[in-house]
Amino acid sequence: MADLLTLSTDDHGITTLTLNQPDRRNSLSMDMLNALGDALSDIAAKEASRVVVLSAAGHVFCAGHDLKEIRSQFDSYAFQKELFEKCSEVMQQIVNLPQPVIARVAGVATAAGCQLVASCDLAVAEKGARFATPGVNIGLFCSTPMVALSRNVSRKHAMEMLLTGEMIDAERAERIGLVNRVVEPELLDETVYTMAATIAGKSAHTLNVGKTAFYRQLEMPLNEAYDYTAEVMASNVVTHDAKEGISAFLDKRQPEWRHK
């Protein structure tokens, strides 16, 4: 896997997952998608992992699908369907991962690479990073990237990106909600890992409860969302970590999480 991805977890529970094919612009080939899927499955089962940083080696975060691979399989509808289904599966793995995921974006994120950023829970980009869904320029509309993009930014901003295929800079990506923060390149790691450490210091169980509820309630009508989240909070408050956290706050001390 090392020639495709690198994976490490530090003492604070921060897992860094790095796309490691800079010579191929970290494209989402079938091999890369399979490696990502396997890595995410491993991370989901790791109790030591509290938060995930998704990073990339080199000067391109991710250029999307490997167009040379796609061209080599022009005559195989079965391969193309399998490729896009696998990509969709991996994006959903990120959303469904128990741990929060922060995209650390340096360089360009286009097409499925932009989809990858949009699928993460949080994203921090360096100034100079750029984003696009340019499939329309080559006759292949970014239909699967559209799913994640349209769930992050407003319809008109999403449609502008999808219909024009034009690059947007990091500052505009922040304004429309595609990324959380834009920082100078020399501050990228500090910002990302400070954010990650803040999150890693919370109860892992509580983070999982909250992340799961966030995405589920988004698709519900208002009354159903409130009914659902009321049940979630009632179940949450009787857990060890909620009792400990509330008591620690009232007693003016630091909580001791058991992550359950």
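To the nearest 0.5 angstrom, Lys86 atom NZ is 5.0 Å from Asn34 atom CG. Considering CD of Glu89 and CD of Glu82, their distance stands at 10.0 Å, rounded to 0.5 Å. Atom CD1 of Ile102 is separated from atom CG of Leu122 by 5.5 Å, given to the nearest 0.5 angstrom. Here Gln115 contributes atom CD and Asn152 contributes atom CG; the two are 11.0 Å apart, rounded to the nearest 0.5 Å.
Between Lys211 and Asp121 there is a salt bridge, since a side-chain N of the basic residue sits under 4.0 Å from a carboxylate O of the acidic one. Taking 4.0 Å as the cut-off between side-chain N and carboxylate O, Arg253 and Glu244 count as a salt-bridged pair. One finds no salt bridge joining Lys68 and Asp66 here, because no Lys/Arg side-chain nitrogen approaches an Asp/Glu carboxylate oxygen to under 4.0 Å. Glu160 and Arg172 are joined by a salt bridge, as a carboxylate oxygen and a charged side-chain nitrogen come within less than 4.0 angstrom of each other.
Of the N and O atoms on the side chains of Arg50 and His259, at least one donor lies less than 3.5 Å from an acceptor on the other residue. In this model, no donor atom of one side chain and acceptor atom of the other lie less than 3.5 Å apart for Thr15 and Gln99.
The ring pair (Phe, Tyr, Trp, His ring centres under 6.0 Å) pairs that include a residue from residues 8-53 number zero, where partners must be two or more places apart or lie in different chains. Screening residues 83-138 for ring pair (Phe, Tyr, Trp, His ring centres under 6.0 Å), with sequence neighbours left out, gives His65-Phe84. Sorted by first and then second residue, the salt bridge (charged side-chain N to carboxylate O under 4.0 Å, His left out) pairs with a member in residues 92-111 read Arg104-Asp189; sequence neighbours excluded.
A donor-acceptor contact shorter than 3.5 Å is absent between the side chain of Thr229 and the backbone of Val232. With hydrogens and angles disregarded, a donor-acceptor distance shorter than 3.5 Å links the side chain of Gln217 to the backbone of Phe214. Within the 3.5 Å criterion, the main-chain N or O of Met30 finds a donor-acceptor partner in the side chain of Glu69. Side-chain N or O atoms of Glu166 include none that pairs as donor or acceptor with a backbone N or O of Met161 at under 3.5 Å. At least one donor-acceptor pair under 3.5 Å links the side chain of Asn26 to the backbone N or O of Ala57. Judged by distance alone, with hydrogens and angles left aside, the side-chain atoms of Asn96 form a donor-acceptor pair with the main-chain N or O of Gln92 at under 3.5 Å.
By the neighbour-count criterion of 12 heavy atoms within 6.0 Å, atom CE of Met159 is sparsely surrounded, having that number or fewer from other residues, nucleotides or ligands.
In the hydrophobic clustering of this structure, Val90 groups with Val101; members are Ile, Leu, Val, Met, Phe, Trp, Tyr whose side-chain heavy atoms approach within less than 4.5 Å, directly or through other members. Hydrophobic clustering of Ile, Leu, Val, Met, Phe, Trp and Tyr side chains at less than 4.5 Å, counting indirect connections, keeps Val108 apart from Leu54. When hydrophobic clusters are built by joining Ile, Leu, Val, Met, Phe, Trp and Tyr residues whose side-chain heavy atoms come closer than 4.5 Å, directly or via intermediates, Val147 is not grouped with Val153. The cluster map of Ile, Leu, Val, Met, Phe, Trp and Tyr, joined by side-chain heavy atoms under 4.5 Å apart, puts Val52 and Leu19 in the same cluster.
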- [ ] Evaluate side-chain hydrogen bond (donor to acceptor under 3.5 Å, both in side chains) for Lys46 paired with Thr9, printing each intermediate quantity in order.
- [x] CA-CA 10 Å; Lys46 286 178 64 175; Thr9 301; 2.8 Å; yes

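Listed here is the closest heavy atom pair of Gly165 and Asn137: O-ND2, 3.5 Å.
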